[in-house]
Amino acid sequence: MTHHQPSRRRFLAGLGAAGAAALLSGCVTSGSSGKSSSGGAVTLQSNLSAPQAKAAMEDLVAAYGKKGEVRLNTVAAETFRTQLPTYLTSANPPDVYTWYPGSVADAYARKNLLLDLGEVWASPELRGYSKALNTLCTASSGKKVFVPTTYYWWGMFYRKSNFAKWGVNEPRSWDEFLDLCDKLRSKGVTPVGLGAGGNTAWVASAWFDYLNIRVNGAAYHRDLLAGRHRFDDPEVRKVFDRWQEVLPYFDPDGTAVAFQDASTSMLNGRSAMMLIGTFFADAAPKDALDDIDFFRFPVVDPKVPLAEEAPTDGYFAGARTGRRDEVIDLMRFLGTAEAQEIYIKGSSGTVLPCHPDAKDAGTPLVLKGRRHVEEAAEITQFFNRDSSDALQPTADNALTRFIAEPKSIGLILTTWQRDAEKIWNA
């Protein structure tokens with residue numbers, strides 16, 4: 001494991017810009033900030049269901065068991081996403097949840113569903129966190145509602161041994177990327193896996209996000225997701241013009257199989273590469289981790305400042321918890337360097353800790369990932385994280401339809417704008 005480097009501040013500065021842009025106007029109060037605790041085990045609802053991530057969460061809970069009692073409930077990620085509003089509003093809700101900061105947390109905070117964590121942020125455990133992370137975890141009311149623990153990066157992942165076997169190298173430019181796809185297809189290999197089938201249609205949003213930040217830039221992208229531009233604008237159409245250039249190289253089953261199956265196909269060599277976040281490695285065989293590598297999503301326009309997707313993960317708590325004191329204590333622990341190192345050690349080790357004193361796994365892949373993020377001029381998170389969970393289904397519908405019917409892009413974008421307006425105006 002290696003310590004964070006000072007240049008990490010550049011990443012966190014970009015995060016602050018992304019987080020500040022994502023925060024929405026409104027008011028939030030903590031419905032249980034004055035509630036007395038009823039005692040008993042804190043319920044931790046987790047969407048980290050991949051084998052290694054789940055095991056790491058169990059290690060974390062066991063470590064905290066020396067201080068207090070936590071009951072871990074692990075739920076399949078897509079079920080968790082769908083049920084989260086129900087969890088938060090139920091009469092007997094879970095206490096703490098794995099999820100995302102920024103606009104996603106703020107959307108729940110504006111409905112008075114999240115516990116005020118100001119007491120946690122005032123404690124020594126979180127005192128060293130950057131101003132950017134403070135901003136990202138602050139609701140539009142000014143209250144802290146989130147404790148960040150790790151962040152990770154997206155990229156074009158592949159197996160080094162497969163690239164060597166096929167005699168191909170990492171591309172840098174868009175043209176080199178298309179040439180690579182052509183070479184791979186000539187060797188009988190599916191160049192690009194997707195994994196937007198089943199319950200993981202949201203994976204397709206990574207292609208939209210990256211092409212938009214490469215063609216139009218991160219500022220335009222964030223403004224678009226906030227409703228300050230239209231999905232049927234000419235600038236957005238340019239994104240799909242580029243996507244159509246690479247679409248023939250996609251796995252024809254791309255919208256039929258989930259990302260877990262697509263990841264397996266990439267690891268098995270049926271497909272060559274995949275645009276995905278490092279979380280996919282939590283389900284990869286341990287003996288494959290040293291063979292996994294990635295390259296930066298190709299530059300389309302060198303004049304556009306380089307941006308990368310690097311989402312932050314962590315925890316928020318429900319405002320309706322009856323165990324406020326116990327929740328606050330658990331949140332303090334989760335924010336420590338010790339807790340984050342326990343999680344990293346127990347998982348695939350492909351995430352980076354948020355605590356400035358925590359150590360990462362120090363593998364070549366992680367070191368490359370850190371440089372990848374630090375070299376970016378700007379940071380975005382992911383479609384729903386830069387907009388809202390409510391807007392994500394509009395992207396799922398539009399993007400999977402585009403992949404199936406690329407010639408209908410005009411109608412698809414008109415429909416997307418109409419569906420998005422219903423969310424923005426709600």
(message) Could you report the tightest heavy-atom contact between I213 and V304, atom names first, then the distance?
(response) O-CG1, 3.3 Å
(request) Using a 4.5 Å cut-off on heavy atoms from C-beta on, say whether the side chain of R237 contacts that of D232. (result) no
(message) Is the distance between the ring centroids of F157 and F280 under 6.0 Å?
(response) yes
(request) Classify the ring geometry between Y129 and H355 as parallel (under 30°), tilted (30 to 60°) or perpendicular (over 60°). (result) perpendicular
(message) Measuring from atom CG of L365 to atom OG1 of T278, what distance do you get when rounded to the nearest 0.5 angstrom?
(response) 8.0 Å
(message) Looking at D251 and R270, is any side-chain nitrogen of the basic one under 4.0 Å from a carboxylate oxygen of the acidic one?
(response) yes
(request) Evaluate the side chain to side chain donor-acceptor pair (under 3.5 Å) criterion for residues K286 and Q52: first the C-alpha distance (whole Å), next the side-chain angles of each, then the deciding distance (0.1 Å), finally the verdict. (result) CA-CA 9 Å; K286 282 276 192 183; Q52 293 182 56; 3.2 Å; yes
(message) Please report whether the ring centroid of F240 lies less than 6.0 Å from that of F402.
(response) yes
(request) Determine whether the side chains of S123 and E125 contain a donor N or O and an acceptor N or O closer than 3.5 Å. (result) yes
(request) Please report the C-alpha distance between W243 and F250 in whole Å, then the side-chain angles of each, then the deciding distance to 0.1 Å, and finally whether the side-chain contact (heavy atoms from CB on, under 4.5 Å) criterion is met. (result) CA-CA 10 Å; W243 198 342; F250 272 45; 3.4 Å; yes
(request) State plainly whether the residues K160 and D291 are in salt-bridge range, i.e. N to O under 4.0 Å. (result) no
(message) My understanding is that only residues two or more places apart in sequence, or in another chain, count here; which of them pass salt bridge (charged side-chain N to carboxylate O under 4.0 Å, His left out) with D175?
(response) none
(message) Checking N384 against L391 for the side-chain contact (heavy atoms from CB on, under 4.5 Å) test, could you report, in this order, the C-alpha distance in whole Å, the side-chain angles of both residues, the deciding distance, and whether it holds?
(response) CA-CA 7 Å; N384 68 311; L391 196 65; over 6 Å; no
(message) Side chains of T149 and Q340: any donor to acceptor distance under 3.5 Å?
(response) no
(request) Verify whether one side chain among T321 and D95 offers a donor that lies under 3.5 Å from an acceptor in the other. (result) yes
(request) Would you kindly say whether Q45 and N73 are connected by a side-chain donor-acceptor distance under 3.5 Å? (result) yes
(request) For residues A272 and W166, report the shortest heavy-atom separation together with the two atoms involved. (result) CB-CZ3, 3.6 Å
(message) Between E374 and R371, does the salt bridge (charged side-chain N to carboxylate O under 4.0 Å, His left out) criterion hold? Intermediate values first, please.
(response) CA-CA 5 Å; E374 290 170 348; R371 291 194 303 271; over 6 Å; no
(request) Would you mind checking if R332 and E119 are paired as a salt bridge, meaning a charged N to carboxylate O distance below 4.0 Å? (result) yes
(request) Please determine if K111 and D106 form a salt bridge, counting it only when a charged side-chain N lies under 4.0 Å from a carboxylate O. (result) no
(message) If you count heavy atoms of other groups shown closer than 6.0 angstrom to CZ of R418, is the number above 12?
(response) yes
(request) Report the C-alpha separation of K345 and D59 in whole Å, then their side-chain angles, then the decisive distance to 0.1 Å, and conclude whether the salt bridge (charged side-chain N to carboxylate O under 4.0 Å, His left out) test is met. (result) CA-CA 9 Å; K345 184 177 179 180; D59 292 345; over 6 Å; no
(request) Start with the C-alpha distance between R370 and D360, add both sets of side-chain angles, then the distance that settles salt bridge (charged side-chain N to carboxylate O under 4.0 Å, His left out), and finish with yes or no. (result) CA-CA 10 Å; R370 183 183 295 285; D360 61 42; 2.3 Å; yes
(message) Counting neighbours of CG on D290 that are heavy atoms of other residues, nucleotides or ligands and sit closer than 6.0 Å, is the number greater than 12?
(response) no
(request) Using the salt bridge (Lys or Arg N to Asp or Glu O under 4.0 Å) rule, pick out the option among E176, E170, E375 that qualifies with R296. (result) E375
(message) Quick check on the 6.0 Å ring-centre criterion: do F259 and F279 meet it?
(response) yes
(message) Please confirm whether the ring centroid of W153 lies under 6.0 Å from the ring centroid of F294.
(response) yes
(request) May I ask you to decide whether K238 forms a salt bridge with E235, counting only side-chain N to carboxylate O separations under 4.0 Å? (result) no
(request) For a side-chain hydrogen bond (donor to acceptor under 3.5 Å, both in side chains) with N47, tell me which candidate from T74, T98, T79 qualifies. (result) T98
(request) Only pairs at least two apart or in different chains count here, so list each side chain to side chain donor-acceptor pair (under 3.5 Å) that has a residue in residues 193-209. (result) E78-W202, S205-Q392, D209-H221
(request) Check F80, F146, Y87, Y108 against W99 for a ring-ring contact (aromatic ring centres under 6.0 Å, His included) and give me the one that passes. (result) F80
(message) Once salt bridge (charged side-chain N to carboxylate O under 4.0 Å, His left out) is applied, what residue pairs with a partner in residues 397-414 remain, sequence neighbours excluded?
(response) R401-E405
